[in-house]
Amino acid sequence: MDILYRSTRGGESGVTASRAVIKGLCDDGGLFVPESFPRLNISLDRLPELSYRETAYEVMKEFLTDYTKEELLYCINSAYDEKFDDEEIAPLVKKGDMYFLELFHGRTIAFKDMALSILPYLLTTALKKNNVDKEVVILTATSGDTGKAALAGFADVPGTRIIVFYPKGGVSRIQELQMVTEKGKNTKVVGVKGNFDDCQSGVKAIFNDEELKAELNSEGFCFSSANSINIGRLIPQVSYYVYAYGRMVKGGHIKAGDKLDFTVPTGNFGNILAAFYAKQMGLPIGKLICASNENKVLYDFFNTGDYDRNREFILTTSPSMDILISSNLERLIYFIGGCDPKKNADLMRSLEKNGRYEIDDKMKEGLKDFYGAYAGEDEVFETIDSIYKETGYVIDTHTAVAAAADRKYKAGAHDENRSVIISTASPYKFTRNVMRAIGKENDETDDFKLVDELSAISYRM
């Protein structure tokens with residue numbers, strides 16, 4: 001069955017996957033969503049036998065139906081190669097009574113590599129399929145990790161240019177250096193005086209500027225995005241939830257058919273939305289625990305049905321989650337609203353105009369798959385420290401938000417399912433705060449020297 005895509009705001013429908021990948025954002029400001037959800041066309045008993053590449057193919061072939069088998073395999077095999085330092089690509093590790101899916105074994109040691117390693121191949125393949133002879137200008141806002149992963153993925157890719165906007169002072173020193181030292185000739189990095197939401201709103205405003213798009217079109221350019229608003233970013237992320245389920249079965253931690261919970265550190269909502277899409281495909285997922293830091297706009301939403309960004313923006317030690325406008329939530333709102341583009345568009349206009357919207361009781365029932373939790377800064381540091389002392393395993397601040405949320409969920413005895421914590425970044429990307437958390441504070445100003453010190457005292461090689 002061919003899967004076509006439509007806008008969450010009703011302006012476009014019947015769009016092929018490759019065209020949606022090229023466009024990134026819909027003309028009406030909405031996001032592309034599948035017109036129907038495909039089913040996972042492989043038995044759960046077989047998942048443990050599959051490699052990551054094989055799993056990715058089984059998932060992506062169901063969503064990206066206008067790509068040929070040869071095209072998809074080319075994209076997958078080109079993306080998930082020696083760029084990753086672990087042959088598993090996304091290894092599942094058990095520490096104490098906790099399971100972590102490590103998504104940071106790519107070039108930029110953060111989970112964004114999982115999708116941004118393949119997006120350039122999906123995009124360039126899509127351009128050829130659709131006979132697009134324009135140069136694509138990638139515009140991307142980042143809260144820290146997307147930026148470098150996108151720059152690394154698109155650096156010197158023929159027919160593309162990429163501009164990354166990041167909040168100056170709102171990312172870690174290592175994150176900033178990763179971006180500004182990128183050597184690709186087709187890359188640009190812009191520090192913005194503001195927060196991530198300012199960067200993201202600016203990028204969306206550029207996308208929606210019809211006069212600018214027409215001017216660029218006449219000069220032989222077109223816009224696209226490397227943010228998770230692009231379905232070419234979102235769909236590859238579904239793969240690692242399916243893979244994690246297979247690894248849990250292979251390790252004997254669950255049986256095929258058992259429900260499995262996932263706890264996801266969440267900012268822009270793309271990562272956890274990918275898990276929701278995996279559930280729609282038929283993966284036996286129980287609860288999706290949405291873990292927020294002190295910018296807990298999503299926590300409040302899942303507990304009240306009121307999405308309100310009118311609050312203080314807090315700079316935390318998990319900067320990639322310092323977000324008050326979770327763009328991908330629109331895809332969930334559209335789904336739980338009965339796939340009604342008018343209803344969704346009205347809510348999004350309210351967000352743009354008033355900074356908030358509230359869903360009705362019927363839509364609230366659609367949130368039953370999710371559980372909102374958050375962790376304050378003290379809890380983040382305590383979680384890093386306790387896991388290190390108990391197991392010798394070092395986690396970063398974002399993963400710690402998820403681990404703390406996972407503990408809260410389990411303490412409430414909400415279900416007896418096993419859960420997998422999504423580990424989104426290497427601890428070596430946030431060494432200063434990790435060292436502080438485990439009681440190894442150091443006045444050394446060079447973050448890269450702290451990496452060596454952290455490596456020396458941790459069990460991780």
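Not measured: the values here are computed from a predicted model.
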- What are the two closest heavy atoms between E182 and A155, and how far apart are they? OE2-CB, 3.5 Å

- Task: Give a yes or no answer on whether the side chain of D66 reaches the backbone of T16 with a donor-acceptor pair at less than 3.5 Å.
- Result: no

- Test applied, ring pair (Phe, Tyr, Trp, His ring centres under 6.0 Å); reference residue, F302; option that passes from Y371, Y374, F370: F370

- Query: Are more than 12 heavy atoms from other residues, nucleotides or ligands located less than 6.0 Å from atom CD of E210?
  - Reply: yes

- Query: Judged by modelled atom types alone, do S327 and K204 share a side-chain donor-acceptor pair under 3.5 Å?
  - Reply: yes

- Any chance the side chains of T399 and S423 put a donor and an acceptor closer than 3.5 Å? yes

- Look at R349 together with D346 and state whether they make a salt bridge at an N to O cut-off of under 4.0 Å. yes

- Query: Between the side chains of Y240 and N271, is a donor N or O closer than 3.5 angstrom to an acceptor N or O?
  - Reply: yes

- Task: For D322 and N195, test the side chains for any donor-to-acceptor distance below 3.5 angstrom and give the result as yes or no.
- Result: no

- Message: Tell me which one of L324, N354, I323 satisfies side chain to side chain contact (heavy atoms under 4.5 Å, CB included) with R309.
- Response: L324

- E88 CD: over 12 foreign heavy atoms closer than 6.0 Å: yes

- Item | Side-chain donor or acceptor of S51 paired with backbone N/O of E54 under 3.5 Å | yes

- Item | Donor on one side chain, acceptor on other, T8 and E330, under 3.5 Å | yes

- Under 3.5 Å, is there a donor-acceptor pair linking the side chains of Y80 and D113? no

- Message: Tell me whether the count of non-hydrogen atoms from other residues, nucleotides or ligands lying under 6.0 Å of CG in N310 goes above 12.
- Response: yes

- For E135 and T160, does a side-chain donor sit closer than 3.5 Å to a side-chain acceptor? no

- Item | Ring geometry between F63 and Y277 (parallel below 30°, tilted from 30 to 60°, perpendicular above 60°) | parallel

- Message: So for atom CD, which belongs to E358, do other residues, nucleotides or ligands contribute more than 12 heavy atoms lying within a distance under 6.0 Å?
- Response: yes

- Query: Would you say S228's side chain and G270's backbone share a donor-acceptor pair under 3.5 angstrom?
  - Reply: no

- Message: Please report whether the ring centroid of F430 lies less than 6.0 Å from that of H398.
- Response: yes

- Query: Is the NZ or CZ atom of R436 both under 6.0 Å from the centre of the six-membered ring of F381 and within 45° of that ring's axis?
  - Reply: yes

- Smallest heavy-atom separation, A115 atom then Q237 atom, equals CB-CG, 4.0 Å

- K61, NZ atom: more than 12 neighbouring heavy atoms under 6.0 Å: yes

- What are the two closest non-hydrogen atoms of I387 and A403, and how far apart are they? CD1-CB, 4.0 Å

- Query: Are K188 and V164 side-chain neighbours, meaning at least one heavy-atom pair lies under 4.5 Å?
  - Reply: no

- Residue pair D396, K429: steps toward the salt bridge (Lys or Arg N to Asp or Glu O under 4.0 Å) verdict: CA-CA 8 Å; D396 88 295; K429 204 163 188 174; over 6 Å; no

- Query: Do the side chains of L31 and R9 get nearer than 4.5 Å, heavy atoms only?
  - Reply: no

- Message: Which residue in the set Y357, Y299, F269 passes ring pair (Phe, Tyr, Trp, His ring centres under 6.0 Å) when paired with Y307?
- Response: Y357

- Task: Locate the shortest heavy-atom distance separating A79 from F84; write the atom from each residue and the value.
- Result: O-CE1, 3.5 Å

